[in-house]
Amino acid sequence: MSSDTRNTEDIDCEDVYEAEKLMWILSPNREQHMLKHVTIVSEKELILVFDDDSSHSIMMSDKESTERLQRTANMILYEGRKPLSIRAHRNIVHIDIG
């Protein structure tokens with residue numbers, strides 16, 4: 001019996017630019033570099049660091065979205081889960097994790 005471990009996180013970014021940047025960073029089609037770690041800078045900002053040591057700041061609209069993005073990044077880093085799809089509507093990014 002298999003269990004469905006897929007879940008969707010809705011991340012509320014500061015604006016459309018930040019949402020597009022997050023979609024690019026976590027895109028399932030972007031396989032050049034692996035996520036290495038994530039750091040919370042403030043209530044509304046995270047830094048995502050890749051194995052080539054490039055880093056990307058993402059600004060959130062609120063503390064809850066920052067926590068959701070950190071939880072999503074931790075699923076990728078520590079549970080080996082992967083983004084299956086990412087889509088956005090304005091500044092909200094919907095990430096399906098499998």
- Check Ile25 against Phe50 and note the closest heavy-atom contact, atom names and distance. CG2-CZ, 3.3 Å
- Task: Please answer: with hydrophobic residues joined when any side-chain heavy atoms are less than 4.5 Å apart, are Ile76 and Ile11 in the same cluster?
- Result: yes
- Straight-line distance of Ile86 CD1 to Leu22 CG, nearest 0.5 Å: 6.5 Å
- Are Trp24 and Val93 in one and the same hydrophobic cluster, where Ile, Leu, Val, Met, Phe, Trp and Tyr link if side-chain heavy atoms are under 4.5 Å apart? yes
- ILVMFWY network linking Met59 to Val16, side-chain heavy atoms under 4.5 angstrom: no
- Query: Which value, rounded to the nearest 0.5 Å, describes the distance between His37 atom NE2 and Asn74 atom CG?
  - Reply: 11.5 Å
- Task: Output the distance between atom SG (Cys13) and atom CZ (Arg90), rounded to the nearest 0.5 Å.
- Result: 14.5 Å
- Query: Closest approach of Thr72 and Glu9, non-hydrogen atoms and distance?
  - Reply: OG1-CG, 3.1 Å
- Item | Inter-residue atom distance Asp62.CG - Glu14.CD, 0.5 Å rounding | 11.0 Å
N/O donor-acceptor pairs under 3.5 Å from side chains in residues 38-49, not counting sequence neighbours:
from: Ser42; atom 1: OG; to: Lys44; atom 2: N; distance (Å): 3.4
from: Ser42; atom 1: OG; to: Glu45; atom 2: N; distance (Å): 3.4
from: Glu45; atom 1: OE2; to: Ser57; atom 2: OG; distance (Å): 2.5

- Could you tell me whether Lys36 and Asp53 make a salt bridge, using a distance below 4.0 angstrom between a side-chain N and a carboxylate O? yes
- Query: How about Asp12 and Ser65: does a side-chain donor come under 3.5 Å of a side-chain acceptor?
  - Reply: no
- Measure across Arg68 and Asp10 and return the closest heavy-atom pair with its distance rounded to 0.1 Å. NE-O, 2.7 Å
- Query: Any luck finding a side-chain donor-acceptor pair between Asn7 and Arg71 under 3.5 Å?
  - Reply: no
- Heavy-atom check, side chain of Glu18 versus side chain of Asn91, under 4.5 Å: no
- Over all atoms of both residues, closest heavy-atom pair of Pro83 and Ile95: CB-CG2, 4.3 Å
- Note on the structure: Nearest heavy-atom approach of Arg87 to Asp96 is NH1-OD2, 2.9 Å
- Task: Could I get the full list of side-chain hydrogen bond (donor to acceptor under 3.5 Å, both in side chains) partners for Asp52, not counting sequence neighbours?
- Result: His33, Ser54
- Tyr78, Leu26: one ILVMFWY side-chain cluster at the under-4.5 Å cut-off? yes
